[in-house]
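Down below is the structure, laid out as structure tokens.
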2 protein chains.
Amino acid sequence: MLRIMQALDGTDTRLLSAMAKDPRGTVVALAQKLGLSRNTVQARMAQLEKKHAFLSFERRINPAALGYPLLAFISVHVQQQKLGQLAVELAGIPEILEGHGLTGSADLLLRVVALDAEDLFRINGKILGCDGVERTDTALAMQEMIPYRMQPLLKKSGG
Amino acid sequence: MLRIMQALDGTDTRLLSAMAKDPRGTVVALAQKLGLSRNTVQARMAQLEKKHAFLSFERRINPAALGYPLLAFISVHVQQQKLGQLAVELAGIPEILEGHGLTGSADLLLRVVALDAEDLFRINGKILGCDGVERTDTALAMQEMIPYRMQPLLKKSGG
DNA sequence: CGCCCGACAGGGCATAATGCTCAGAATCCA
DNA sequence: TGGATTCTGAGCATTATGCCCTGTCGGGCG
């Protein structure tokens with residue numbers, strides 16, 4: 001699996017980079033920008049799709065635009081035997097956007113959005129109310145010091 | 001700012017949801033699915049763009065497909081007066097995808113990808129080498145217990 | 001070395017989509 | 001009620017798409 005995933009070459013990464021710069025760009029425009037034939041871009045995009053190079057569109061939706069300006073990372077300490085069922089229960093809380101099971105001091109790290117501080121307190125309460133949750137630590141994101149980016153990695157991993 | 005951000009109505013959220021379901025869908029197809037005119041969908045999409053409802057395409061790129069299967073969250077404890085310049089220096093490390101300044105026990109939370117454990121160790125070393133970094137705590141993401149999702153929130157916040 | 005296969009380029013065709021305009025209808029608000 | 005805003009549907013010129021096809025080139029294998 002690890003080796004299979006490394007099947008993107010320099011043209012793939014250039015294509016991804018070009019798509020990142022112009023998400024609404026047509027295949028024709030992309031082909032022009034990249035100095036490739038339209039056919040090639042089409043074939044490459046189909047290949048990228050096949051190789052799961054694209055994650056969900058949902059990641060592009062700005063929670064703040066939906067009225068959820070607060071972002072917090074909640075570390076959750078759980079009773080180990082209840083981890084599986086807990087994930088299902090937590091998934092029932094809409095404001096939890098993402099949750100990773102971790103090594104280290106916390107068992108779960110949740111990416112959570114909220115309307116305001118009060119709402120965040122409410123959500124934390126809901127999380128604490130889930131069976132198997134022992135404790136939570138809430139850290140409010142005050143500033144996006146490094147906004148999400150992939151271009152440097154595209155450059156680094158390209159051929 | 002908080003109130004301005006709440007300017008999406010039920011049609012907007014339905015449109016976002018439909019786009020999330022079919023990211024490659026044409027305006028014509030979306031309009032059909034939503035029972036709206038093509039013109040309306042176009043106008044709405046332009047409005048969404050204006051309201052910063054769309055984050056970067058980069059968020060859709062799967063690091064694993066680039067050969068970076070390991071995901072880790074690195075908490076960084078810093079010397080406060082050096083936070084600003086540190087962010088700039090950290091931004092020079094391509095494997096850091098995102099970094100938030102936090103309240104709570106850590107000052108910065110970094111989302112980091114790596115080739116393998118050894119690479120992660122190397123990256124952590126680079127982070128530790130940055131001026132102003134006192135300490136780091138690395139937590140490896142073992143499993144995506146709740147995969148990134150926005151649909152529940154779209155449903156909740158829609159009109 | 002020669003052959004085969006995959007990738008790429010460029011041409012092409014029928015169809016669909018886009019960007020934009022416009023007029024009329026419907027809805028909302030003061 | 002009247003005015004403003006939003007939505008609808010029609011329409012036009014242009015562009016893009018999905019797919020097919022042929023030819024070339026480079027790499028791998030026997």
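Below, chain A is the first sequence line, B the second, and so on; all start at residue 1.
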Mind checking if B/Thr40 touches a base, just sugar-phosphate, or nothing, with heavy atoms under 4.0 Å?
base
Whole angstrom value for the distance that separates P of C/dG6 from NZ of A/Lys50:
12 Å
Per A/Arg38 side chain, nearest of listed nucleotides C/dT21, D/dT17, C/dC8
D/dT17
Spacing between B/Asp12 atom CG and D/dC7 atom P, to the nearest angstrom:
9 Å
Verify side chain to side chain contact (heavy atoms under 4.5 Å, CB included) between A/His100 and A/Glu98, making sure each step is shown before the conclusion.
CA-CA 7 Å; A/His100 284 98; A/Glu98 183 180 42; 3.2 Å; yes
Would you call A/Glu49 and B/Arg24 a salt bridge, using N to O less than 4.0 angstrom?
yes
If you go through the side-chain atoms of A/Asn39, does one of them form a donor-acceptor pair with the base of D/dT17 closer than 3.5 Å?
no
By nearest heavy atom, map A/Gln42 and B/Arg44 onto DNA chain D; which one lands nearer the 5' end?
B/Arg44
Whole angstrom is fine here: how far is it from CD in B/Gln32 over to C1' in C/dT18?
16 Å
Should B/Arg135 and B/Asp137 count as an ion pair when the cut-off is N to O under 4.0 Å?
yes
In whole angstroms, the gap separating P of D/dA16 from CZ of A/Arg24 amounts to 14 Å
Between atom NZ in A/Lys33 and atom C1' in D/dA16, what is the gap in whole Å?
15 Å
Out of D/dT17, C/dA17, C/dA9, whichever nucleotide has its closest atom nearest the side chain of A/Ser37:
C/dA9
When rounded to whole Å, the CG to P distance for the pair B/Leu36 and D/dT6 reads 15 Å
Taking atom C1' of D/dG9 as reference, at what distance in whole Å does atom CG of B/Leu34 sit?
17 Å
For A/Gln79, check side-chain contact (heavy atoms from CB on, under 4.5 Å) against everything at least two apart and list the hits.
A/Gln81, A/Lys82, A/Glu134
B/Asp9 CG to D/dT5 P, in whole Å, measures 17 Å
